[in-house]
Amino acid sequence: MSLSNPKEMYRNAIEGHYALGAFNVFSLESIQAVLDAAENQKSPVILQVSMGARKYVKDFHLFVHTMKNYADHCAVPVFIQHDHCTTEEACFEAIDAGVQSVMFDGSHLAYDDNLKKTSEVVAYAHKRGVWVEAELGRIPGFEDLVFAESDEYTDPEMAHGFIAATGCDALAVSVGTSHGGVEAEGYLPMQFDLLRQIVSLTPDYPFVLHGGASLPPELIAECNKVGGKVEYLRNCSEKDVSMAVDIGIHKVNMDVDNFLVFTTAIRKFFLEKPSIYDPRKYLVGARAAFQAEVEHKFQDVLHSAGRR
Ligand code: G3H
Ligand code: ZN
């Protein structure tokens, strides 16, 4: 299987009533964890790179090249997406580096500015056969280098008009999730009726859910049991994310749960085997935990397992 493409993968997801999982990677271990999980579960998958990862990996072009090489040798369909570019220039750089899809996140802008800049990115991207994911509405919380204080749900009519006016290929919507979780008593309520209205006005379209990680309290407790001091923030439940997929979400970004289990595995190793200092010895377990969490998402949240 070689690198696939967004058009085909989204079409299959829409026809198959499932969502593509999109996971941010930043190292060989995270690339391998996501792709091994996808192969194990026979699931298509999106490998993502974020603005923060650009800084972390130092040579961004080389890292995109590495992602594409691994994707080329993967037995299931994969495409490479750049997540949350907040400027057009960052999008152009991502496209020139070879990604197949780029997210222009104009959610912090006034509607007209978001529309204008998204349209500019679409023009540049489509000339080069690259897909564009845009964002309308605001998702609260902290994601990578992007922060939003409050949420601003996506308006169904505005979404329909924005898609028509910009020609964006996918649209991230704000329907209740948060980036990285927020302070709350229990799981956040997914706005199902709002999502149904958005989908009914623009049917069979790649709508995207950001903040798809549910931060189950038991995952946080596991990490804190082995020395973590992770705050019990809340997001939407896996059951609600799965129902959002049934309604018409066809891409879900989910990172925090994977990062939590990766960190817990390393903390546990350090606690139990303090004399060992070979990084391979603790990264192998962290990679396996990351992979297991992604496999769980394919099976139980995205309905994409077995769909390759
Ligand atoms: O763009 C990245 C995602 O929205 C990840 O958010 O880690 O809260 O799932 P999450
Ligand atoms: Zn996001």
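Start at 1 and go down the list; that is how both ligands and their atoms are numbered. In this text the structure is predicted, and so the values were computed from the model without any measurement.
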- Item | Ring-face cation of Arg128 near Tyr124 (centre distance under 6.0 Å, axis angle within 45°) | yes
- Query: So, for Thr154 and Ser174, which heavy atoms are closest and what is the spacing to 0.1 Å?
  - Reply: OG1-N, 2.7 Å
- Item | CD/Glu89: more than 12 non-hydrogen atoms of other groups inside 6.0 Å | yes
- Query: Is it true that atom NE2 of His108 has more than 12 heavy atoms of other residues, nucleotides or ligands lying nearer than 6.0 Å?
  - Reply: yes
- State whether Asp113 and Lys116 are salt-bridged, where the test is any N-O pair (Lys NZ or Arg NE/NH1/NH2 against Asp/Glu carboxylate O) under 4.0 Å. no
- Query: What are the protein N, O or S atoms, given as residue plus atom name, that sit under 2.8 Å from the Zn ion (ligand 2)?
  - Reply: His84 NE2, His179 NE2, His210 ND1
For a distance cut-off of 3.5 Å, show me each N or O of ligand 1 paired with any protein N or O, plus the separation.
residue	atom	partner	partner atom	Å
ligand 1	1 (O)	Asp83	OD1	3.4
ligand 1	1 (O)	Asp83	OD2	2.5
ligand 1	1 (O)	His84	NE2	3.2
ligand 1	1 (O)	His210	ND1	3.3
ligand 1	1 (O)	Asn253	ND2	3.1
ligand 1	4 (O)	His179	NE2	2.9
ligand 1	4 (O)	His210	ND1	3.4
ligand 1	4 (O)	Gly211	N	2.9
ligand 1	7 (O)	Asp255	N	3.2
ligand 1	7 (O)	Val256	N	2.8
ligand 1	8 (O)	Gly180	N	2.7
ligand 1	9 (O)	Gly212	N	3.2
ligand 1	9 (O)	Ala213	N	2.9
ligand 1	9 (O)	Asp255	N	3.2

- Message: Quick one, Arg11 with Glu8, criterion salt bridge (Lys or Arg N to Asp or Glu O under 4.0 Å). Give me CA distance, side-chain angles, the key distance, then yes/no.
- Response: CA-CA 5 Å; Arg11 192 187 58 240; Glu8 192 181 326; 5.3 Å; no
- Message: Using 30° and 60° as the class boundaries, would you call the ring planes of Phe26 and Phe290 parallel, tilted or perpendicular?
- Response: tilted
- Do the rings of Phe79 and Tyr10 sit parallel, tilted or perpendicular, given the 30° and 60° boundaries? tilted
- Task: Say whether Ser43 and Ser304, considering side chains only, have a donor N or O and an acceptor N or O under 3.5 Å apart.
- Result: yes
